[in-house]
2 protein chains.
Amino acid sequence: MTETRGERKEKTRRAILDAALALSSDTTLVALSLRQVAKEVGIVPTAFYRHFASIDDLGLALVEEALDTLRTLLRELRSSAGQDARTIIDGSVTVLVEQVRQHQAQFAFIARERFAGPPAVREAIARGIGLAERELSTDLAYLPGTDKWSDEDRQTLSSLIVGAMVTTVERLLTAAAGSTAEGRVAASTRAQLRMMVIGAKHWRSTP
Amino acid sequence: MTETRGERKEKTRRAILDAALALSSDTTLVALSLRQVAKEVGIVPTAFYRHFASIDDLGLALVEEALDTLRTLLRELRSSAGQDARTIIDGSVTVLVEQVRQHQAQFAFIARERFAGPPAVREAIARGIGLAERELSTDLAYLPGTDKWSDEDRQTLSSLIVGAMVTTVERLLTAAAGSTAEGRVAASTRAQLRMMVIGAKHWRSTP
DNA sequence: CGTGACAGTGCACACATGTTCACTCAAGCT
DNA sequence: AGCTTGAGTGAACATGTGTGCACTGTCACG
(Lines give C-alpha, C1' and ligand atoms only; values in the text may rest on other atoms or scores of the structure.)
Protein backbone atom coordinates (compact mmCIF):
# COMPACT_ATOMS: atom_id res chain seq x y z
CA MET A 1 0.00 0.00 0.00
CA THR A 2 1.18 3.48 -0.84
CA GLU A 3 -0.65 4.97 2.13
CA THR A 4 -0.54 4.19 5.80
CA ARG A 5 -3.66 3.52 7.78
CA GLY A 6 -3.66 6.90 9.53
CA GLU A 7 -3.14 8.75 6.27
CA ARG A 8 -6.16 7.05 4.74
CA LYS A 9 -8.30 8.02 7.68
CA GLU A 10 -7.15 11.61 7.54
CA LYS A 11 -7.88 11.61 3.83
CA THR A 12 -11.53 10.67 4.17
CA ARG A 13 -11.84 13.06 7.10
CA ARG A 14 -10.67 15.82 4.78
CA ALA A 15 -13.02 14.58 2.08
CA ILE A 16 -15.91 14.79 4.54
CA LEU A 17 -15.00 18.34 5.55
CA ASP A 18 -14.61 19.42 1.93
CA ALA A 19 -17.86 17.81 0.87
CA ALA A 20 -19.66 19.36 3.82
CA LEU A 21 -18.34 22.81 2.95
CA ALA A 22 -19.30 22.41 -0.70
CA LEU A 23 -22.76 21.07 0.06
CA SER A 24 -23.56 23.64 2.74
CA SER A 25 -22.66 26.41 0.30
CA ASP A 26 -25.88 25.64 -1.56
CA THR A 27 -27.96 26.18 1.54
CA THR A 28 -26.93 26.24 5.20
CA LEU A 29 -25.26 24.23 7.87
CA VAL A 30 -28.56 23.27 9.47
CA ALA A 31 -29.80 21.92 6.14
CA LEU A 32 -26.75 19.73 5.78
CA SER A 33 -27.58 16.04 5.94
CA LEU A 34 -25.23 13.30 6.99
CA ARG A 35 -26.38 11.08 4.16
CA GLN A 36 -25.79 13.74 1.52
CA VAL A 37 -22.25 14.20 2.76
CA ALA A 38 -21.64 10.46 2.91
CA LYS A 39 -22.89 9.99 -0.65
CA GLU A 40 -20.73 12.84 -1.88
CA VAL A 41 -17.66 11.41 -0.19
CA GLY A 42 -18.44 7.91 -1.37
CA ILE A 43 -18.82 6.20 1.96
CA VAL A 44 -21.79 4.61 3.65
CA PRO A 45 -23.65 6.92 6.09
CA THR A 46 -22.67 5.06 9.22
CA ALA A 47 -18.96 5.26 8.38
CA PHE A 48 -19.32 8.97 9.07
CA TYR A 49 -19.34 8.23 12.79
CA ARG A 50 -15.78 6.93 12.58
CA HIS A 51 -14.72 10.55 12.09
CA PHE A 52 -17.26 12.72 13.88
CA ALA A 53 -19.44 12.05 16.89
CA SER A 54 -22.43 13.75 15.30
CA ILE A 55 -23.46 16.11 12.58
CA ASP A 56 -23.16 19.05 14.98
CA ASP A 57 -19.59 18.02 15.60
CA LEU A 58 -18.95 18.34 11.88
CA GLY A 59 -20.31 21.86 11.94
CA LEU A 60 -18.03 22.77 14.81
CA ALA A 61 -14.99 21.37 13.00
CA LEU A 62 -16.02 23.30 9.92
CA VAL A 63 -16.30 26.59 11.77
CA GLU A 64 -13.00 25.92 13.47
CA GLU A 65 -11.30 25.64 10.09
CA ALA A 66 -13.05 28.71 8.76
CA LEU A 67 -11.95 30.73 11.77
CA ASP A 68 -8.44 29.50 11.17
CA THR A 69 -8.40 31.12 7.73
CA LEU A 70 -9.93 34.23 9.31
CA ARG A 71 -7.01 34.40 11.70
CA THR A 72 -4.65 33.88 8.78
CA LEU A 73 -6.24 36.86 7.06
CA LEU A 74 -5.74 38.98 10.15
CA ARG A 75 -2.12 37.94 10.44
CA GLU A 76 -1.50 38.73 6.78
CA LEU A 77 -3.18 42.09 7.16
CA ARG A 78 -1.09 43.07 10.15
CA SER A 79 2.15 41.98 8.53
CA SER A 80 1.46 43.83 5.31
CA ALA A 81 3.08 46.95 6.65
CA GLY A 82 3.58 50.25 4.86
CA GLN A 83 4.87 53.70 5.44
CA ASP A 84 2.07 56.18 5.01
CA ALA A 85 -1.66 55.58 5.40
CA ARG A 86 -2.10 55.41 1.63
CA THR A 87 0.20 52.46 1.08
CA ILE A 88 -1.07 50.66 4.16
CA ILE A 89 -4.61 50.93 2.85
CA ASP A 90 -3.71 49.84 -0.67
CA GLY A 91 -1.75 46.88 0.62
CA SER A 92 -4.46 45.85 3.07
CA VAL A 93 -7.16 45.83 0.44
CA THR A 94 -4.96 43.84 -1.92
CA VAL A 95 -4.31 41.27 0.79
CA LEU A 96 -8.00 41.17 1.62
CA VAL A 97 -9.03 40.47 -1.96
CA GLU A 98 -6.32 37.85 -2.34
CA GLN A 99 -7.25 36.00 0.83
CA VAL A 100 -10.96 36.06 0.09
CA ARG A 101 -10.34 34.65 -3.38
CA GLN A 102 -7.98 32.02 -2.07
CA HIS A 103 -10.40 30.85 0.60
CA GLN A 104 -13.66 31.87 -0.98
CA ALA A 105 -15.66 28.91 0.36
CA GLN A 106 -14.51 29.49 3.92
CA PHE A 107 -15.39 33.17 3.94
CA ALA A 108 -18.73 32.43 2.33
CA PHE A 109 -19.29 29.92 5.09
CA ILE A 110 -18.57 32.52 7.73
CA ALA A 111 -20.84 35.07 6.09
CA ARG A 112 -23.65 32.52 5.87
CA GLU A 113 -23.38 31.08 9.36
CA ARG A 114 -22.64 34.31 11.16
CA PHE A 115 -26.36 34.83 11.78
CA ALA A 116 -27.95 31.68 10.38
CA GLY A 117 -25.81 29.07 12.07
CA PRO A 118 -26.45 27.25 15.33
CA PRO A 119 -25.77 29.28 18.51
CA ALA A 120 -22.36 27.71 19.14
CA VAL A 121 -21.26 28.54 15.59
CA ARG A 122 -22.64 32.06 15.76
CA GLU A 123 -20.84 32.72 19.01
CA ALA A 124 -17.55 31.36 17.68
CA ILE A 125 -17.75 33.66 14.64
CA ALA A 126 -18.71 36.63 16.78
CA ARG A 127 -15.69 35.97 18.97
CA GLY A 128 -13.46 35.83 15.90
CA ILE A 129 -14.65 39.18 14.63
CA GLY A 130 -14.57 40.65 18.10
CA LEU A 131 -10.97 39.56 18.38
CA ALA A 132 -10.15 41.36 15.14
CA GLU A 133 -11.67 44.55 16.52
CA ARG A 134 -9.70 44.31 19.73
CA GLU A 135 -6.44 43.60 17.95
CA LEU A 136 -6.91 46.56 15.64
CA SER A 137 -7.84 48.67 18.62
CA THR A 138 -4.62 47.87 20.43
CA ASP A 139 -2.66 48.40 17.21
CA LEU A 140 -4.15 51.87 17.02
CA ALA A 141 -2.72 52.60 20.45
CA TYR A 142 0.75 52.53 18.92
CA LEU A 143 -0.02 54.52 15.78
CA PRO A 144 0.77 58.24 15.68
CA GLY A 145 -2.46 60.17 15.96
CA THR A 146 -4.66 57.57 17.55
CA ASP A 147 -2.10 56.88 20.29
CA LYS A 148 -3.40 59.92 22.13
CA TRP A 149 -7.03 58.87 21.82
CA SER A 150 -9.21 57.38 24.54
CA ASP A 151 -9.75 53.64 24.52
CA GLU A 152 -13.39 54.22 23.72
CA ASP A 153 -12.61 56.29 20.64
CA ARG A 154 -10.13 53.72 19.44
CA GLN A 155 -12.70 50.99 19.84
CA THR A 156 -15.20 53.05 17.89
CA LEU A 157 -12.79 53.57 15.00
CA SER A 158 -11.68 49.95 15.09
CA SER A 159 -15.24 48.64 14.93
CA LEU A 160 -15.94 51.04 12.09
CA ILE A 161 -12.97 49.78 10.10
CA VAL A 162 -13.60 46.11 10.83
CA GLY A 163 -17.25 46.60 9.93
CA ALA A 164 -16.23 48.09 6.59
CA MET A 165 -13.89 45.17 6.03
CA VAL A 166 -16.64 42.65 6.75
CA THR A 167 -18.93 44.49 4.37
CA THR A 168 -16.20 44.41 1.75
CA VAL A 169 -15.74 40.66 2.16
CA GLU A 170 -19.47 40.21 1.70
CA ARG A 171 -19.41 42.33 -1.43
CA LEU A 172 -16.44 40.42 -2.80
CA LEU A 173 -18.28 37.16 -2.32
CA THR A 174 -21.05 38.28 -4.64
CA ALA A 175 -18.61 39.59 -7.27
CA ALA A 176 -16.91 37.21 -9.67
CA ALA A 177 -13.13 36.86 -9.32
CA GLY A 178 -11.25 39.23 -11.59
CA SER A 179 -14.46 40.93 -12.70
CA THR A 180 -14.86 44.67 -13.07
CA ALA A 181 -17.28 44.45 -10.15
CA GLU A 182 -14.45 43.12 -8.00
CA GLY A 183 -12.25 46.01 -9.06
CA ARG A 184 -14.99 48.47 -8.19
CA VAL A 185 -15.43 46.92 -4.74
CA ALA A 186 -11.68 47.13 -4.10
CA ALA A 187 -11.47 50.73 -5.28
CA SER A 188 -14.54 51.67 -3.27
CA THR A 189 -13.11 50.06 -0.15
CA ARG A 190 -9.82 51.91 -0.55
CA ALA A 191 -11.68 55.18 -0.87
CA GLN A 192 -13.79 54.36 2.17
CA LEU A 193 -10.76 53.54 4.28
CA ARG A 194 -9.11 56.78 3.23
CA MET A 195 -12.28 58.63 4.11
CA MET A 196 -12.28 57.05 7.54
CA VAL A 197 -8.63 57.84 8.10
CA ILE A 198 -9.25 61.45 7.17
CA GLY A 199 -12.20 61.52 9.55
CA ALA A 200 -10.03 60.06 12.29
CA LYS A 201 -7.27 62.58 11.60
CA HIS A 202 -9.65 65.48 12.25
CA TRP A 203 -11.46 63.76 15.07
CA ARG A 204 -12.02 65.46 18.37
CA SER A 205 -13.92 63.46 20.93
CA THR A 206 -17.23 65.11 21.88
CA PRO A 207 -18.79 63.10 24.68
CA MET B 1 -70.52 34.75 13.53
CA THR B 2 -68.52 37.74 14.58
CA GLU B 3 -66.15 37.31 11.64
CA THR B 4 -66.73 37.11 7.95
CA ARG B 5 -65.27 34.33 5.81
CA GLY B 6 -62.56 36.50 4.30
CA GLU B 7 -61.52 37.86 7.66
CA ARG B 8 -61.09 34.34 9.01
CA LYS B 9 -58.90 33.38 6.08
CA GLU B 10 -56.76 36.46 6.47
CA LYS B 11 -56.45 35.70 10.15
CA THR B 12 -55.00 32.23 9.69
CA ARG B 13 -52.80 33.55 6.87
CA ARG B 14 -51.37 36.03 9.35
CA ALA B 15 -51.03 33.28 11.93
CA ILE B 16 -49.05 31.21 9.42
CA LEU B 17 -46.73 34.11 8.60
CA ASP B 18 -46.21 34.92 12.28
CA ALA B 19 -45.56 31.31 13.20
CA ALA B 20 -43.15 30.91 10.29
CA LEU B 21 -41.21 33.99 11.33
CA ALA B 22 -41.06 32.83 14.93
CA LEU B 23 -40.03 29.28 14.05
CA SER B 24 -37.44 30.30 11.49
CA SER B 25 -35.83 32.58 14.06
CA ASP B 26 -34.54 29.47 15.81
CA THR B 27 -32.77 28.27 12.70
CA THR B 28 -33.26 29.27 9.06
CA LEU B 29 -35.82 29.54 6.35
CA VAL B 30 -34.56 26.39 4.63
CA ALA B 31 -34.96 24.45 7.86
CA LEU B 32 -38.56 25.58 8.21
CA SER B 33 -41.01 22.70 7.90
CA LEU B 34 -44.57 22.98 6.77
CA ARG B 35 -45.73 20.61 9.44
CA GLN B 36 -44.05 22.55 12.23
CA VAL B 37 -45.78 25.71 11.06
CA ALA B 38 -49.12 23.96 10.74
CA LYS B 39 -48.86 22.51 14.23
CA GLU B 40 -47.90 25.90 15.66
CA VAL B 41 -50.86 27.58 13.96
CA GLY B 42 -53.22 24.80 14.96
CA ILE B 43 -54.28 23.62 11.53
CA VAL B 44 -53.72 20.37 9.71
CA PRO B 45 -50.69 20.39 7.37
CA THR B 46 -52.71 20.22 4.19
CA ALA B 47 -54.76 23.27 5.09
CA PHE B 48 -51.57 25.23 4.54
CA TYR B 49 -52.04 24.92 0.80
CA ARG B 50 -55.20 27.01 0.97
CA HIS B 51 -52.97 29.98 1.69
CA PHE B 52 -49.66 29.30 -0.06
CA ALA B 53 -48.81 27.28 -3.13
CA SER B 54 -45.71 25.82 -1.52
CA ILE B 55 -43.26 26.29 1.29
CA ASP B 56 -41.05 28.40 -0.97
CA ASP B 57 -43.99 30.67 -1.56
CA LEU B 58 -44.20 31.22 2.20
CA GLY B 59 -40.57 32.25 2.25
CA LEU B 60 -41.15 34.74 -0.51
CA ALA B 61 -44.14 36.24 1.29
CA LEU B 62 -42.05 36.45 4.46
CA VAL B 63 -39.22 38.27 2.75
CA GLU B 64 -41.70 40.58 1.07
CA GLU B 65 -43.01 41.62 4.47
CA ALA B 66 -39.54 42.01 5.91
CA LEU B 67 -38.53 44.24 3.01
CA ASP B 68 -41.65 46.26 3.64
CA THR B 69 -40.47 47.09 7.14
CA LEU B 70 -37.02 47.84 5.70
CA ARG B 71 -38.60 50.38 3.37
CA THR B 72 -40.52 51.80 6.31
CA LEU B 73 -37.23 52.26 8.14
CA LEU B 74 -35.76 54.09 5.16
CA ARG B 75 -38.79 56.35 4.92
CA GLU B 76 -38.61 57.15 8.62
CA LEU B 77 -34.91 57.86 8.37
CA ARG B 78 -35.33 60.26 5.48
CA SER B 79 -38.20 62.10 7.09
CA SER B 80 -36.38 62.52 10.41
CA ALA B 81 -34.86 65.76 9.24
CA GLY B 82 -32.55 68.03 11.20
CA GLN B 83 -30.56 71.18 10.80
CA ASP B 84 -26.90 70.41 11.27
CA ALA B 85 -25.12 67.09 10.78
CA ARG B 86 -25.08 66.48 14.51
CA THR B 87 -28.83 66.52 15.00
CA ILE B 88 -29.41 64.56 11.78
CA ILE B 89 -27.10 61.83 13.04
CA ASP B 90 -28.60 61.74 16.51
CA GLY B 91 -32.11 61.58 15.13
CA SER B 92 -31.23 58.90 12.59
CA VAL B 93 -29.69 56.61 15.17
CA THR B 94 -32.66 57.09 17.47
CA VAL B 95 -35.02 56.17 14.65
CA LEU B 96 -32.86 53.19 13.74
CA VAL B 97 -32.89 51.80 17.26
CA GLU B 98 -36.63 52.37 17.57
CA GLN B 99 -37.45 50.65 14.31
CA VAL B 100 -35.19 47.68 14.97
CA ARG B 101 -36.77 47.18 18.39
CA GLN B 102 -40.26 47.55 17.00
CA HIS B 103 -39.69 45.03 14.21
CA GLN B 104 -36.93 42.97 15.76
CA ALA B 105 -38.04 39.66 14.25
CA GLN B 106 -38.18 41.08 10.73
CA PHE B 107 -34.72 42.61 10.88
CA ALA B 108 -33.32 39.42 12.38
CA PHE B 109 -34.93 37.57 9.50
CA ILE B 110 -33.22 39.84 6.99
CA ALA B 111 -29.86 39.49 8.70
CA ARG B 112 -30.21 35.71 8.74
CA GLU B 113 -31.44 35.20 5.21
CA ARG B 114 -29.25 37.82 3.57
CA PHE B 115 -26.60 35.19 2.88
CA ALA B 116 -28.16 31.97 4.09
CA GLY B 117 -31.51 32.21 2.34
CA PRO B 118 -32.50 30.73 -1.01
CA PRO B 119 -31.21 32.64 -4.06
CA ALA B 120 -34.49 34.43 -4.70
CA VAL B 121 -34.58 35.66 -1.11
CA ARG B 122 -30.94 36.69 -1.13
CA GLU B 123 -31.41 38.68 -4.30
CA ALA B 124 -34.51 40.40 -2.97
CA ILE B 125 -32.65 41.49 0.16
CA ALA B 126 -29.64 42.63 -1.85
CA ARG B 127 -31.95 44.73 -4.01
CA GLY B 128 -33.49 46.27 -0.91
CA ILE B 129 -30.13 47.29 0.51
CA GLY B 130 -28.92 48.43 -2.92
CA LEU B 131 -31.97 50.63 -3.14
CA ALA B 132 -31.10 52.22 0.18
CA GLU B 133 -27.61 53.00 -1.07
CA ARG B 134 -28.92 54.58 -4.24
CA GLU B 135 -31.50 56.65 -2.41
CA LEU B 136 -28.91 57.96 0.02
CA SER B 137 -26.59 58.64 -2.87
CA THR B 138 -29.14 60.83 -4.64
CA ASP B 139 -29.97 62.52 -1.35
CA LEU B 140 -26.31 63.42 -1.02
CA ALA B 141 -26.50 65.15 -4.40
CA TYR B 142 -28.72 67.79 -2.78
CA LEU B 143 -26.74 68.24 0.42
CA PRO B 144 -24.27 71.10 0.72
CA GLY B 145 -20.76 69.72 0.45
CA THR B 146 -21.46 66.45 -1.30
CA ASP B 147 -23.50 68.21 -4.01
CA LYS B 148 -20.25 69.11 -5.74
CA TRP B 149 -18.90 65.56 -5.56
CA SER B 150 -18.69 63.07 -8.41
CA ASP B 151 -21.36 60.37 -8.58
CA GLU B 152 -18.71 57.81 -7.82
CA ASP B 153 -17.59 59.50 -4.63
CA ARG B 154 -21.17 59.89 -3.50
CA GLN B 155 -21.78 56.19 -4.08
CA THR B 156 -18.67 55.37 -2.10
CA LEU B 157 -19.78 57.47 0.86
CA SER B 158 -23.32 56.18 0.59
CA SER B 159 -22.23 52.55 0.63
CA LEU B 160 -19.97 53.30 3.57
CA ILE B 161 -22.80 54.81 5.56
CA VAL B 162 -25.32 52.12 4.66
CA GLY B 163 -22.75 49.47 5.50
CA ALA B 164 -22.25 51.02 8.92
CA MET B 165 -26.02 51.11 9.39
CA VAL B 166 -26.34 47.43 8.50
CA THR B 167 -23.55 46.60 10.92
CA THR B 168 -25.32 48.62 13.58
CA VAL B 169 -28.58 46.75 13.01
CA GLU B 170 -26.70 43.47 13.37
CA ARG B 171 -25.12 44.67 16.59
CA LEU B 172 -28.46 45.82 17.94
CA LEU B 173 -29.95 42.41 17.26
CA THR B 174 -27.44 40.78 19.57
CA ALA B 175 -27.94 43.38 22.31
CA ALA B 176 -30.92 43.20 24.62
CA ALA B 177 -33.48 46.00 24.34
CA GLY B 178 -32.79 48.82 26.75
CA SER B 179 -29.54 47.26 27.88
CA THR B 180 -26.34 49.15 28.41
CA ALA B 181 -24.95 47.24 25.43
CA GLU B 182 -27.66 48.79 23.29
CA GLY B 183 -26.72 52.23 24.52
CA ARG B 184 -23.07 51.57 23.71
CA VAL B 185 -23.96 50.46 20.20
CA ALA B 186 -26.04 53.57 19.64
CA ALA B 187 -23.32 55.86 20.99
CA SER B 188 -20.67 54.08 18.96
CA THR B 189 -22.74 54.40 15.79
CA ARG B 190 -23.27 58.10 16.35
CA ALA B 191 -19.54 58.57 16.78
CA GLN B 192 -18.85 56.54 13.66
CA LEU B 193 -21.29 58.56 11.59
CA ARG B 194 -19.71 61.77 12.83
CA MET B 195 -16.32 60.41 11.95
CA MET B 196 -17.49 59.62 8.46
CA VAL B 197 -19.06 63.02 8.03
CA ILE B 198 -15.82 64.66 9.12
CA GLY B 199 -13.94 62.48 6.67
CA ALA B 200 -16.35 63.45 3.93
CA LYS B 201 -16.01 67.12 4.80
CA HIS B 202 -12.26 67.02 4.24
CA TRP B 203 -12.48 64.66 1.30
CA ARG B 204 -10.71 65.43 -1.94
CA SER B 205 -11.11 62.82 -4.64
CA THR B 206 -7.77 61.22 -5.60
CA PRO B 207 -8.32 58.93 -8.52
C1' DC C 1 2.44 -16.01 11.93
C1' DG C 2 -1.20 -14.82 14.36
C1' DT C 3 -4.15 -11.61 16.32
C1' DG C 4 -6.37 -7.41 17.55
C1' DA C 5 -7.74 -2.78 16.19
C1' DC C 6 -10.77 -0.35 13.38
C1' DA C 7 -12.36 2.04 8.76
C1' DG C 8 -15.96 0.88 6.19
C1' DT C 9 -20.38 -2.17 5.15
C1' DG C 10 -25.34 -3.39 5.13
C1' DC C 11 -29.49 -3.89 7.32
C1' DA C 12 -32.83 -2.17 10.40
C1' DC C 13 -35.64 0.99 12.89
C1' DA C 14 -38.57 4.82 14.05
C1' DC C 15 -39.66 9.05 12.69
C1' DA C 16 -40.25 13.59 9.80
C1' DT C 17 -40.82 15.53 5.53
C1' DG C 18 -43.85 17.69 1.20
C1' DT C 19 -47.65 16.83 -1.51
C1' DT C 20 -52.04 14.23 -3.34
C1' DC C 21 -56.71 13.19 -2.89
C1' DA C 22 -61.49 12.63 -1.64
C1' DC C 23 -64.08 14.37 2.19
C1' DT C 24 -66.97 17.58 5.39
C1' DC C 25 -69.63 21.30 6.57
C1' DA C 26 -70.60 26.12 7.39
C1' DA C 27 -70.68 30.76 5.13
C1' DG C 28 -72.48 33.55 1.51
C1' DC C 29 -74.59 34.16 -2.63
C1' DT C 30 -78.95 33.82 -5.87
C1' DA D 1 -84.56 27.85 0.69
C1' DG D 2 -81.23 25.91 -2.01
C1' DC D 3 -76.81 25.60 -3.94
C1' DT D 4 -72.08 26.72 -4.59
C1' DT D 5 -67.72 27.88 -2.86
C1' DG D 6 -63.81 26.97 -0.25
C1' DA D 7 -61.26 26.62 4.53
C1' DG D 8 -60.11 22.96 7.06
C1' DT D 9 -59.88 17.53 7.69
C1' DG D 10 -57.66 12.89 7.71
C1' DA D 11 -55.65 9.12 5.55
C1' DA D 12 -52.13 7.83 2.37
C1' DC D 13 -47.95 8.09 -0.45
C1' DA D 14 -42.98 8.05 -1.40
C1' DT D 15 -38.89 9.66 0.16
C1' DG D 16 -35.33 11.38 3.40
C1' DT D 17 -33.59 11.65 7.95
C1' DG D 18 -30.22 10.20 12.21
C1' DT D 19 -28.60 6.47 14.60
C1' DG D 20 -27.89 1.43 16.45
C1' DC D 21 -25.93 -3.05 15.72
C1' DA D 22 -23.63 -7.08 13.98
C1' DC D 23 -20.56 -7.79 10.21
C1' DT D 24 -16.07 -7.96 7.15
C1' DG D 25 -11.58 -7.40 5.54
C1' DT D 26 -7.22 -5.47 5.87
C1' DC D 27 -3.46 -2.98 7.92
C1' DA D 28 -0.17 -2.85 11.84
C1' DC D 29 1.84 -4.70 15.55
C1' DG D 30 3.42 -8.44 19.20
Side-chain angles (χ1 to χ4, degrees), chain A residues 1-63 113 116-121, chain B residues 1-63 113 116-121:
Chain A
M1 270 319 113
T2 159
E3 287 164 314
T4 167
R5 216 174 164 88
E7 286 172 343
R8 270 209 179 280
K9 172 158 189 180
E10 180 53 30
K11 208 168 179 177
T12 80
R13 194 190 133 94
R14 261 260 61 82
I16 290 177
L17 285 166
D18 292 346
L21 191 63
L23 286 173
S24 79
S25 78
D26 294 333
T27 54
T28 321
L29 201 52
V30 297
L32 192 64
S33 98
L34 186 157
R35 295 175 114 100
Q36 265 180 20
V37 175
K39 181 176 282 183
E40 181 84 4
V41 174
I43 58 174
V44 89
T46 49
F48 171 89
Y49 291 103
R50 297 288 172 198
H51 303 273
F52 299 95
S54 70
I55 199 96
D56 296 325
D57 228 47
L58 212 206
L60 250 40
L62 230 38
V63 81
E113 306 303 332
V121 170
Chain B
M1 271 315 115
T2 158
E3 285 165 314
T4 167
R5 218 176 162 87
E7 285 171 345
R8 271 209 178 279
K9 172 159 190 181
E10 181 54 30
K11 207 167 181 179
T12 81
R13 193 190 133 94
R14 261 262 60 83
I16 290 177
L17 285 167
D18 292 348
L21 191 63
L23 286 174
S24 77
S25 78
D26 293 333
T27 56
T28 321
L29 200 52
V30 298
L32 191 64
S33 98
L34 186 156
R35 294 174 115 100
Q36 265 180 20
V37 175
K39 180 176 284 184
E40 181 84 5
V41 174
I43 58 175
V44 88
T46 50
F48 171 88
Y49 291 101
R50 297 288 172 197
H51 304 274
F52 300 94
S54 71
I55 200 98
D56 296 324
D57 230 47
L58 210 205
L60 252 39
L62 230 38
V63 81
E113 306 304 331
V121 170

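The chains referred to below are lettered A, B, ... by the order of the sequence lines, with proteins before strands, and numbering in each begins at 1.
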Less than 4.0 angstrom between a side-chain N/O of A/T46 and OP1 or OP2 of C/dG10, yes or no?
no
With a 4.5 Å heavy-atom cut-off, do B/F48 and B/L58 have their side chains touching?
yes
For the side chain of A/A47, counting heavy atoms from C-beta on, which of D/dT19, C/dT9, C/dG18 is nearest?
C/dT9
For A/E7 and D/dC27, give me the distance from atom CD to atom C1', rounded to whole Å.
13 Å
What distance do B/D56 atom CG and B/L60 atom CG have between them, rounded to the nearest 0.5 Å?
8.0 Å
Expressed in angstrom and rounded to an integer, what is the separation of B/K11 atom NZ from D/dG8 atom P?
12 Å
Would you indicate which nucleotide in C/dT9, C/dG18, C/dA27 comes nearest to any side-chain atom of A/V44?
C/dT9
Rounded off to whole Å, could you give me the CG-to-P distance for the A/L32 and D/dT17 pair?
10 Å
Can you see which heavy atom on A/A61 is nearest to which on A/F52, and at what distance?
CB-CE2, 3.8 Å
Is the distance from OP1 or OP2 of C/dG8 to the nearest side-chain N or O of A/T12 less than 4.0 Å?
yes
Tightest non-hydrogen contact, residues B/S25 and B/A22, listed as OG-O, 2.6 Å
At less than 4.0 Å, is any side-chain N or O atom of B/Y49 found next to OP1 or OP2 of C/dT20? Yes or no.
no
Between P on D/dT17 and CZ on A/R35, what's the gap in Å once rounded to a whole number?
7 Å
Using whole Å, report how far CZ of A/F48 lies from P of C/dA7.
14 Å
Nearest-neighbour nucleotide for the B/R5 side chain, D/dG6, D/dG25, C/dT17 considered:
D/dG6
Distance criterion of 3.5 Å, no angle test: do you see the side chain of A/R50 paired donor-to-acceptor with the base of C/dG8?
yes
Side chain of A/H51 - closest among C/dA7, D/dG18, C/dT17
C/dA7
